[in-house]
2 protein chains.
Amino acid sequence: MSVTIVDIAKKAQVSVSTVSRVLNNKPDVNKETQDKIRAAIKELNYSPNSVARGLVLKRSNIIGYIASDITNPSFPELARGVVVKAKEYGYSVMFFDAHQDNRVEKEAIQLLRSKQVDGIILSFSGANRDELEKLRSERFPVVQIYRKSSKSTISTIAIDNVGSGYRATQYLLSSGHKRIAHITTGDLTQSGYERMAGYLKALAEAGIEADHHFIQQGISSVESGKVCMERLLDLEKPPTAVFASHDVMAIGAYEAILDRGLTIPGDISVLGHDNIEISRLIRPHLTTIDTFKFKLGQASVDLLIEEMTAHEPQNKEIVFPGELVVRDSVRAL
Amino acid sequence: MSVTIVDIAKKAQVSVSTVSRVLNNKPDVNKETQDKIRAAIKELNYSPNSVARGLVLKRSNIIGYIASDITNPSFPELARGVVVKAKEYGYSVMFFDAHQDNRVEKEAIQLLRSKQVDGIILSFSGANRDELEKLRSERFPVVQIYRKSSKSTISTIAIDNVGSGYRATQYLLSSGHKRIAHITTGDLTQSGYERMAGYLKALAEAGIEADHHFIQQGISSVESGKVCMERLLDLEKPPTAVFASHDVMAIGAYEAILDRGLTIPGDISVLGHDNIEISRLIRPHLTTIDTFKFKLGQASVDLLIEEMTAHEPQNKEIVFPGELVVRDSVRAL
DNA sequence: TTGTACGCGTTATCAC
DNA sequence: GTGATAACGCGTACAA
């Protein structure tokens with residue numbers, strides 16, 4: 001059927017070992033025999049079987065990537081970062097979508113391992129801590145993006161959520177706002193929890209007491225953001241500005257505000273977090289915090305490669321600061 | 001190092017072939033020996049090596065998926081459809097992002113083949129027709145999503161672009177519009193070309209002569225859509241409605257229109273195509289044509305499986321009709 | 001019902 | 001500089 005190293009050995013009238021040598025650019029092989037072999041390769045259109053190669057080398061040059069949700073708006077850029085960087089190192093990427101389901105995620109880990117991937121990157125990974133610790137105990141290279149449970153010992157690429165929550169709130173404060181609400185996923189997600197901590201810290205520093213009516217908790221979706229904002233608008237004294245922990249919720253807030261005939265930022269200022277693609281397109285263009293997803297994706301591969309070469313768990317944590325992107329949704333009072 | 005079939009054979013005091021039998025649920029194996037073996041598997045936490053298995057079986061249970069651009073807004077849903085369906089069939093998916101670069105795409109095909117994937121799905125594939133024909137001549141299973149070059153003999157999942165272009169334009173006509181412009185990628189893309197054909201057809205049927213000033217060509221991006229719309233607005237007699245061949249261009253059109261202080265659909269109606277996620281979020285919510293990307297992804301796997309089992313090129317073409325999604329960006333005159 | 005032995009395509013170790 | 005040959009982990013005739 002398909003042409004193997006044996007075929008081209010015959011064609012070139014040499015042994016398979018010699019062919020293997022030129023295939024892997026090993027030294028000490030005669031120029032002429034080299035040429036003969038390369039010619040045969042061309043002629044028979046031969047391409048090495050990485051599966052067989054992987055079997056003996058015990059490495060696949062594949063890294064596994066498990067996204068907890070491929071439709072997460074941050075996924076594409078993150079994934080592209082991973083793919084691009086992996087390629088630089090000569091690795092291919094095998095993707096899985098866990099559908100936000102921990103069981104599926106666990107299955108994906110198993111599958112990836114049976115496929116002999118050389119390492120795994122998990123993004124937004126959920127609660128499979130046991131599974132991860134198991135991998136770690138087997139010295140299997142793993143890195144996690146975003147989610148760093150406090151007790152985890154897995155190397156992680158994270159973003160400075162507390163810092164960016166703080167930065168966001170401070171920007172609102174410095175724009176003259178005092179009644180600043182927060183729409184958040186709260187303790188439902190690590191990121192929401194941390195960003196809220198930043199929000200509270202900034203408020204505290206400014207000597208403003210946090211009003212629990214101003215903190216609305218929901219899930220990371222447009223619909224939920226809208227509901228949260230509606231509750232805020234129903235308040236007797238609504239806020240003049242709102243910081244949403246995730247852009248999708250900010251967009252939901254837009255819906256609620258605009259549906260009531262109010263204007264942004266005229267009546268209410270809105271500030272998001274994540275800088276997903278939509279945020280620069282929606283009107284008014286959303287002021288938000290960029291999280292450099294492409295860079296994060298790349299960094300996760302760098303870290304994974306480190307894990308792989310170190311051959312023992314590094315337990316590193318690299319955290320990227322967010323960056324405020326000023327657009328049109330916040331006004332100075 | 002890692003535990004193999006031999007280890008568990010020893011542990012259970014049977015031969016490897018017996019172990020292999022229970023691993024693959026073959027009949028004719030004693031209940032008790034089965035139990036012994038399963039126990040050993042559990043105890044040693046054994047998991048079969050698919051690479052070795054693939055080597056002998058000559059199949060990997062992996063399908064390759066090459067996206068020409070992972071940041072294309074249609075990608076996530078499409079990909080999820082592929083992954084979900086593949087999993088139903090017991091297949092894993094290996095992704096590549098070709099960055100819209102034909103050379104990269106070609107490399108990806110090579111790489112995927114060396115990884116011994118059982119079939120390849122290409123979406124939005126570019127100009128590597130030769131490469132595809134080569135695959136076909138080797139009876140290697142491939143299916144293409146969207147792009148069907150007229151002379152291609154590769155099985156394809158497509159959408160009825162002509163039909164949906166026609167449908168979109170007709171909707172505008174039936175809403176009372178007569179001065180209907182078209183923002184399009186034109187013959188730069190197959191989809192744009194076909195949608196324009198539908199546009200022209202609808203106009204012709206309505207007895208309206210196509211005005212070439214009303215047809216603005218650009219690329220599929222927000223910026224380009226904006227530029228196109230600006231040119232339309234600069235016309236002495238601007239259109240009352242515009243059909244954009246791609247939602248991203250429609251969003252660019254929004255920018256141009258709103259930046260001039262005009263309203264949608266008050267002053268100008270806008271209709272898009274693709275129903276990408278943003279379109280339901282942007283305000284006014286964009287009326288557009290849905291293309292059922294999740295279903296397309298799934299269908300492409302079905303078709304690929306067909307190709308694989310048939311063992312000879314099917315040259316099928318399955319085309320899905322688009323569906324009008326009425327929202328708020330078109331008004332009746 | 002179970003075991004032996006070979007082959008899958010490749011690399012690495014040793015001779016020559 | 002080159003060629004046998006034994007692995008790698010598994011499935012499968014064939015034998016027992």
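Throughout, a chain's letter reflects where its sequence line sits, starting with A, and its residues are numbered from 1. Keep in mind that the numbers below use all heavy atoms, side chains included, and drop hydrogens, waters and symmetry copies.
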Which residues pass the salt bridge (Lys or Arg N to Asp or Glu O under 4.0 Å) test with [X], not counting sequence neighbours?
X        : result
A/Asp69  : B/Arg80
A/Lys106 : A/Glu131
A/Lys87  : B/Glu107

Quickly work out the [X] [atom1] to [N] [atom2] distance and round it to whole Å.
X       : N      : atom1 : atom2 : result
B/Arg59 : D/dT12 : CZ    : P     : 11 Å
B/Leu55 : D/dT12 : CG    : C1'   : 14 Å
B/Lys36 : C/dT2  : NZ    : C1'   : 11 Å
A/Leu23 : D/dT2  : CG    : P     : 15 Å

Quiz item: Under 4.0 Å between a side-chain N/O of B/Lys26 and OP1 or OP2 of D/dT12, yes or no?
Solution: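 Affirmative; the distance criterion is met.
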
Quiz prompt | Distance below 4.0 Å between A/Lys58 side-chain N/O and D/dG9 OP1 or OP2 | solution = yes

Practice problem: With sequence neighbours excluded, tell me which residues meet ring-ring contact (aromatic ring centres under 6.0 Å, His included) with B/Phe75. | Solution: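 Counting only residues at least two positions away or on another chain, B/Phe75 forms a ring-ring contact (aromatic ring centres under 6.0 Å, His included) with B/Phe95.
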
Just the atom pairs and distances: protein N or O near nucleotides 3-6 of chain C's N or O, under 3.5 Å.
from  : atom 1 : to      : atom 2 : distance (Å)
C/dG3 : OP2    : B/Ser15 : N      : 2.8
C/dG3 : OP2    : B/Ser15 : OG     : 3.2
C/dG3 : OP2    : B/Thr18 : OG1    : 2.7
C/dG3 : N7     : B/Ser17 : OG     : 3.1
C/dG3 : O6     : B/Arg21 : NH2    : 2.5
C/dT4 : O4     : B/Ser17 : OG     : 3.2

Practice problem: Measure from the side-chain heavy atoms of A/Val56 and tell me the nearest of C/dT2, D/dC10, C/dT10. | Solution: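 Per side-chain heavy atoms of A/Val56, the pick is C/dT10.
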
Quiz item: Which ones in residues 37-53 of chain B lie close to DNA chain D, meaning a heavy atom under 4.0 Å from one of its atoms?
Solution: B/Tyr46, B/Pro48, B/Asn49, B/Ala52, B/Arg53

